[in-house]
**Q** 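Before anything else, here's the structure in question.
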There are 2 protein chains.
Amino acid sequence: MPSPAQTRKNLLFVARNHLAERGYHGTSLAAVSGELGLTKQALLHHFKSKDLLYAAVLEQLGAELLELLFASLEASELAEDQLAGFFAALTRQGLAQPADLSLVLRDLMDFQGRGPDSGQDSWPLQNVFEPLIALIQATPRWQGAGFAEALSVASQMLAAICLFPSAQGALASRFGQAAVDQVRTTFLVQTQDLVRERLTRD
Amino acid sequence: MPSPAQTRKNLLFVARNHLAERGYHGTSLAAVSGELGLTKQALLHHFKSKDLLYAAVLEQLGAELLELLFASLEASELAEDQLAGFFAALTRQGLAQPADLSLVLRDLMDFQGRGPDSGQDSWPLQNVFEPLIALIQATPRWQGAGFAEALSVASQMLAAICLFPSAQGALASRFGQAAVDQVRTTFLVQTQDLVRERLTRD
DNA sequence: TGCATCACTTACCGAGTGGTAAGTCGTTGG
DNA sequence: CCAACGACTTACCACTCGGTAAGTGATGCA
């Protein structure tokens with residue numbers, strides 16, 4: 001007998017996984033609510049529409065990523081160390097919860113692929129992107145470089161981190177679970193290498 | 001009055017763009033066929049089901065990527081030059097036709113997100129992945145490294161290349177078209193830098 | 001000429017979609 | 001004690017989905 005607040009949290013959690021694994025169009029309200037033994041209308045009671053449910057999921061994700069970023073900001077002094085810390089934390093988090101990274105990728109790709117007017121007003125991930133770009137521009141290697149270069153680098157590193165965890169299922173079915181497990185053990189180091197190589201002058 | 005073969009080609013082309021922009025679930029047969037002034041059943045006449053249409057699109061994409069890879073193999077001798085050539089060609093192609101790269105990402109992410117049994121028998125992109133991994137393992141820096149490291153590197157570089165072109169729409173709406181255009185002009189160089197830094201020992 | 005095949009069309013179908021309306025039941029506050 | 005509210009449910013709606021059945025008109029071949 002969960003409390004209403006807990007029910008909402010549960011719905012948000014299940015919706016997040018469904019949206020990450022199957023995308024916006026592949027996710028049905030009935031499937032999400034049904035996984036908790038509720039009806040679709042219970043979900044619509046907590047989140048007034050599918051679009052608002054998606055927005056809530058994305059906002060939660062954005063807040064968590066921002067928290068991760070702030071934690072890394074406090075952990076180090078130098079911009080490149082802060083970036084390295086953030087990307088490492090993101091990788092660890094992403095290996096444990098691939099859904100989070102899938103959502104990031106999907107949200108970036110699904111622009112104008114969802115509703116006709118879905119949320120062009122506010123974008124939770126913007127609050128993550130902007131300080132990230134600023135941080136890259138604060139790096140010795142990239143200071144003086146333009147916004148475009150920094151955005152380019154940010155997109156490259158984010159992508160490099162997000163794809164493999166999101167693609168584990170597909171890769172496992174083609175190359176075998178053993179191979180994927182092996183990648184999992186080296187992926188964090190690989191990512192840290194890539195980040196270091198890209199952020200410090202060679 | 002297009003010939004039947006041309007009609008099929010047109011359907012394949014439109015379907016490819018729809019699938020890339022909106023994903024499998026976001027693509028409807030009626031929308032694809034309607035864009036050519038045909039009915040949904042005309043499409044089902046050429047491709048017996050939605051799954052087979054998707055398979056045909058993916059197979060075409062896989063063949064094109066493979067062709068790109070082979071062209072790069074013939075253009076150079078050293079493995080790292082061949083890889084650099086392929087990734088550069090892929091980036092150029094992707095900036096011109098973002099749909100192609102979106103499809104690669106989507107196909108990697110959408111495992112078990114489509115039909116219940118959708119095409120686990122054959123996978124066109126495997127023919128691209130495998131020589132790519134072998135090529136990475138043939139590189140001085142990565143020779144001796146395991147399959148897992150090479151797969152990890154392949155996934156990172158593929159992702160770094162595929163994301164930005166696929167996310168241009170979303171990024172443009174948040175950071176402005178001008179910023180995105182600016183990234184487009186530097187993205188190829190940025191990608192070549194990343195590939196070089198990652199493939200040659202530092 | 002006759003007949004088959006191709007490339008479609010119109011007409012459906014059942015299942016599933018997001019969403020609305022109205023009602024039920026338990027809790028809470030005045 | 002009772003009205004109001006929150007957290008749901010059942011019932012229903014209009015619509016879209018992928019897919020089937022049955023035709024239609026043109027083309028090609030015997």
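Note that the coordinates shown come from a computational prediction; the quantities given were computed from them, not determined experimentally.
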**Q** Check the distance between D/dT16's C1' and A/H25's NE2 and give it to me in whole angstrom.
**A** 13 Å

**Q** If you take any heavy atom closer than 4.0 Å to DNA chain C, which residues from residues 35-43 of chain B end up in contact?
**A** B/L38, B/T39, B/Q41, B/A42

**Q** Rounded to whole Å, please give me the gap between CG in A/L44 and P in C/dA21.
**A**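 Rounded to whole Å, this separation is 13 Å.
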
**Q** Evaluate A/N17 against A/E21 for side-chain hydrogen bond (donor to acceptor under 3.5 Å, both in side chains), listing each step before the verdict.
**A** CA-CA 6 Å; A/N17 286 334; A/E21 284 172 19; 5.7 Å; no

**Q** Side chains of A/T139 and A/L78: does their closest heavy-atom pair fall under 4.5 Å?
**A** no

**Q** Within the structure provided, determine whether B/L65 and B/V104 are in side-chain contact (heavy-atom separation under 4.5 Å).
**A** yes

**Q** Output yes when at least one side-chain N/O atom of A/H46 is less than 4.0 Å from OP1 or OP2 of D/dC8, else no.
**A**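 Indeed, a polar side-chain atom of A/H46 lies that close.
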
**Q** Going through the distances and angles, do B/F87 and B/L132 end up as a side-chain contact (heavy atoms from CB on, under 4.5 Å)?
**A** CA-CA 10 Å; B/F87 284 127; B/L132 205 58; 4.3 Å; yes

**Q** Could you state the CZ-P distance from A/F47 to C/dG18, rounded to the nearest angstrom?
**A**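 Atom CZ in A/F47 sits about 15 Å away from atom P in C/dG18.
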
**Q** Ignoring backbone atoms, establish whether A/S49 has a side-chain N or O less than 4.0 Å from OP1 or OP2 of C/dG18.
**A** no

**Q** What are the two closest non-hydrogen atoms of B/L69 and B/F86, and how far apart are they?
**A**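 Answer, listing the atom of B/L69 first, then B/F86: CA-CD1, 3.5 Å.
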
**Q** Distance check needed: D/dC17 P versus B/R22 CZ, whole Å only.
**A**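 Interatomic distance, CZ of B/R22 to P of D/dC17: 11 Å.
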
**Q** Nearest whole Å is fine: how far is D/dT10 P from A/H45 NE2?
**A** 15 Å

**Q** Give the rounded distance in Å between these two atoms: CG of A/L53 and P of C/dG19.
**A** 10 Å

**Q** Do the rings of B/F147 and A/F175 sit parallel, tilted or perpendicular, given the 30° and 60° boundaries?
**A** tilted

**Q** Let me know the distance between NZ of B/K50 and C1' of D/dT20, rounded to the nearest Å.
**A** 17 Å

**Q** Nearest whole angstrom, please: distance from the P of C/dG18 to the NE2 of A/H18.
**A** 12 Å

